[in-house]
Each structure stands twice: as structure tokens, then as C-alpha cells.
> 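One structure is given below, represented as C-alpha cells, and several questions about it will come after.
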Protein chains: 2
Amino acid sequence: MTAAASAARAALAPARIKGCCQPVAPGLPDARADNLAALHKALGDPTRIQILHILSTASEPVCVCDFTAAFDLGQPTISHHLATLRDAGFVTSFKFGIWAFYRLNPAMSEPARAAVGQIR
Amino acid sequence: MTAAASAARAALAPARIKGCCQPVAPGLPDARADNLAALHKALGDPTRIQILHILSTASEPVCVCDFTAAFDLGQPTISHHLATLRDAGFVTSFKFGIWAFYRLNPAMSEPARAAVGQIR
DNA sequence: TGTATCCATTGACAGTCGTCGATGGAACGC
DNA sequence: GCGTTCCATCGACGACTGTCAATGGATACA
């Protein structure tokens, strides 16, 4: 080991005698980590990113039939993606006659809002 | 249909004659949507959220052996999660002797940085 | 040189996810 | 009422994901 490397090691791992391991902060509460992971998992699909992009640039609620026309996917698949986004708190929906409309959830959580803000 | 509902429909779906569908903006470039989805997919696991939390609060690079001690998971699983975060651009690693250290990637993309900033 | 430690990789397995076709309920127009 | 349209749900299937045990390479130290 060179002198430089030795100095680097001292800076990186001071007081790590037998091996290098030292205790690490316990981290986030499990519930918090689970919530954040679920939030990001809902964003882990290109179709759902596109849906949120459409909703974040739309001035009005968007009809499901508009989504099915915009994507090369079956209607059940679109419905599934919309339900995923709704379950994660990103969007809300309402029915109007035979149509269902979706829009961004105005009560979205702060991390969710930050994530949607990056979809540009 | 009540008069109020009729007015609401006119506001929501003007000029939607045969059905309600109207063209929707084509959306993000596919590559952009894919990149954002991959980024969020890498955050879609509580263990990886915890890892990023530890790294974002650590003042020094953190040794893999510290992660294996902090989680109730096997060493290959920790290694897998760290590789996932590295492939997604969240962290970088270097070896020092027999130890491997990880830290937040200083060249992280802007959406990635925003997401990590929400892990608190 | 030999041994021990650390960590990445491989192979395997159960569970989850994205997608589709089929079905059924709800609302509209005739 | 009756047929039509829209959309959520169900069942199924292939692909991917998280986890582990086993393996092997690289490094340090006696």
C-alpha cells in the first residue's frame, strides 16, 4: 500500500480496525420507506409517465377514451394503468355519463408533486 | 340530465359530438419516458430507498459491509440493490483494498437529484 | 505460499407486473 | 324496453424482480 493510499484509507475509514465495518444510521422509518417506494414504483412504467405528462399539460380532465386513442394498448391495459396511478394518489377520477375522466390529484403528496413536476 | 350536469358537460367536453374523444397531445418523446420510468423503477424498492437515505446523510463514502450489517438481507441481495442504483446513475462506487465503497453520484441527473432530495 | 476476508456474479425459485381477450355493469338514444 | 357505447374487472400468460445459496476473483496478511 502506498503512502497516498494509506492516507486515503485513513480519511475514508478512520478507526476501522478489524475489518472496515462501522454502524450506520438506522435510516428512515420502514413505513416511510415503503410509502416512497410504492410512489416511485407507480412511476416505473413509460405508459404511466406519458399519462401523467398528458394530465399535467392538460387544462381540463381527460377522458379515458382519449388515452386509449393516444396509446397503442388495449383498453383494459389503459384502465389498469389509470387505476395504478389512482391507487398511488397521483390522479383522481369521476364519471360523467358513460365517460370517465381523470385529472391530477390536487391533494397529491409533496414527494408525488415533486416527481410529477420532473416529467417534462 | 339536469341543467347543471349539462352545463358541466359542456365545460368538460365541448365540441365532442360523436362520443367524447378528442385528440390528445402526443406526449413526451419515448426515450424520455423510458428514461424517467427506469429512474423511478430503480427507486421502487424500500431497501434501495433506505440505501439512498443512508448515502444522502453520510458525510463519507459507505462500505458495502456497513450496508450488509444495516439490513436483514444477504450480501448478494445488497450487492444487487447497489448495482441497480449504480446502473440507474444514483450512486458511484470504488474499491479500496478488499472493500467497496459507495456514495451518491455527484453527476446525477436533475430528476434523479430531485427524487433523492425527497427521501427524508 | 497459503489462508482469510470482502464482494460481484451465477443459477434457481417464488412472487409481482404488464398485457391481452372476454365478461359484465352502467348510462345513453331510439 | 333495446341495442349501443364506454369502461372496470376477471382470468390467463409470459416477463421481470427480489431473494437466497453457492461460487469465484481480488486483496491483505502471516
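Worth knowing before you read on, the calculation uses all heavy atoms, side chains too, and leaves out hydrogens, waters and symmetry mates. Here is how names work: the chains are called A, B, and so on, in the same order as the sequence lines, proteins then strands, and each is numbered from 1.
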> Indicate the atoms forming the closest heavy-atom contact of Ala42(B) with Ala88(B), along with that distance.
CB-CB, 3.6 Å
> Calculate the interatomic distance between Leu73(B) atom CG and dA8(C) atom C1'; express it in whole Å.
17 Å
> Choosing from dG18(C), dC7(D), dC28(C), which nucleotide comes nearest the side chain of Cys63(A)?
dC7(D)
> Do Arg86(B) and Thr92(B) have a side chain donor and acceptor closer than 3.5 Å?
no
> Examine distances only and state if a side-chain atom of Gln50(A) and a backbone atom of Leu28(B) form a donor-acceptor pair shorter than 3.5 Å.
yes
> So, the side chain of Arg48(A) versus the backbone of Leu43(A): is there a donor-acceptor pair under 3.5 Å, distance only?
no
> Between Lys41(B) (NZ) and dC17(C) (P), how many Å, whole number?
11 Å
> Just how large is the angle between the end axes of the helix from dT1(C)-dA30(D) to dC30(C)-dG1(D), five pairs per end, to 10 degrees?
20°
> Donor-acceptor pair, distance only, cut-off 3.5 Å: does the side chain of Arg103(B) make one with the backbone of Val62(B)?
no
> Rounded to the nearest 0.5 Å, what separation is found between the CD atom of Gln118(A) and the CG atom of Leu36(B)?
8.5 Å
> Just to be sure I understand the rule, does Phe71(B) reach a base, reach only the sugar-phosphate, or reach nothing, if contact means heavy atoms closer than 4.0 Å?
nothing
> Within residues 75-90 of chain A, find the residues that approach DNA chain C with a heavy atom at under 4.0 Å, and present them sorted by residue number.
Pro76(A), Thr77(A), His80(A), His81(A)
> For Phe94(A) and dA8(D), what is the distance between atoms CZ and C1' respectively, to the nearest whole Å?
17 Å
> In terms of ring plane angle, is the pair His40(A) and His40(B) parallel, tilted or perpendicular, where the classes change at 30° and 60°?
parallel
> Between dG25(C) atom P and Ile98(A) atom CD1, what is the distance in whole Å?
17 Å
> Select one nucleotide: of dC7(D), dA8(C), dA27(C), the one nearest the side-chain heavy atoms of Tyr102(B).
dA8(C)
> Closest to the Asp45(A) side chain: dC7(C), dA27(C), dG18(C)?
dG18(C)
> Any sub-3.5 Å donor-acceptor pair from Thr77(B)'s side-chain atoms to Leu73(B)'s backbone N or O?
no
> Check the distance between dC20(D)'s P and Asp72(B)'s CG and give it to me in whole angstrom.
8 Å
> Is Thr57(A) reaching over with its side chain to a backbone N or O of His53(A), donor-acceptor style, under 3.5 angstrom?
yes
> Lys95(B) has an atom NZ; how far is it from atom P of dT5(C), in whole Å?
16 Å
> Is there a residue in residues 31-38 of chain B whose heavy atoms reach under 4.0 Å of DNA chain C, and which residues are they?
none
> Once you measure the plane-to-plane angle for Phe101(B) and Phe94(B), does it fall in the parallel (<30°), tilted (30-60°) or perpendicular (>60°) bin?
parallel
> Measure the distance from CZ on Phe67(A) to P on dC7(D) and round it to the nearest whole Å.
11 Å
> Nearest to the Trp99(B) side chain among dC6(C), dC7(D), dA27(C), which nucleotide is it?
dC6(C)
> Return the value, rounded to whole Å, for the distance between atom CZ of Phe96(B) and atom P of dA28(D).
8 Å
> Picking from Asn105(A), Ile51(A), Leu104(A), what satisfies side chain to side chain contact (heavy atoms under 4.5 Å, CB included) with Leu85(A)?
Ile51(A)
> Assess whether side chain to side chain contact (heavy atoms under 4.5 Å, CB included) is satisfied between Phe90(B) and Thr84(B), documenting all intermediate values.
CA-CA 9 Å; Phe90(B) 286 98; Thr84(B) 299; over 6 Å; no
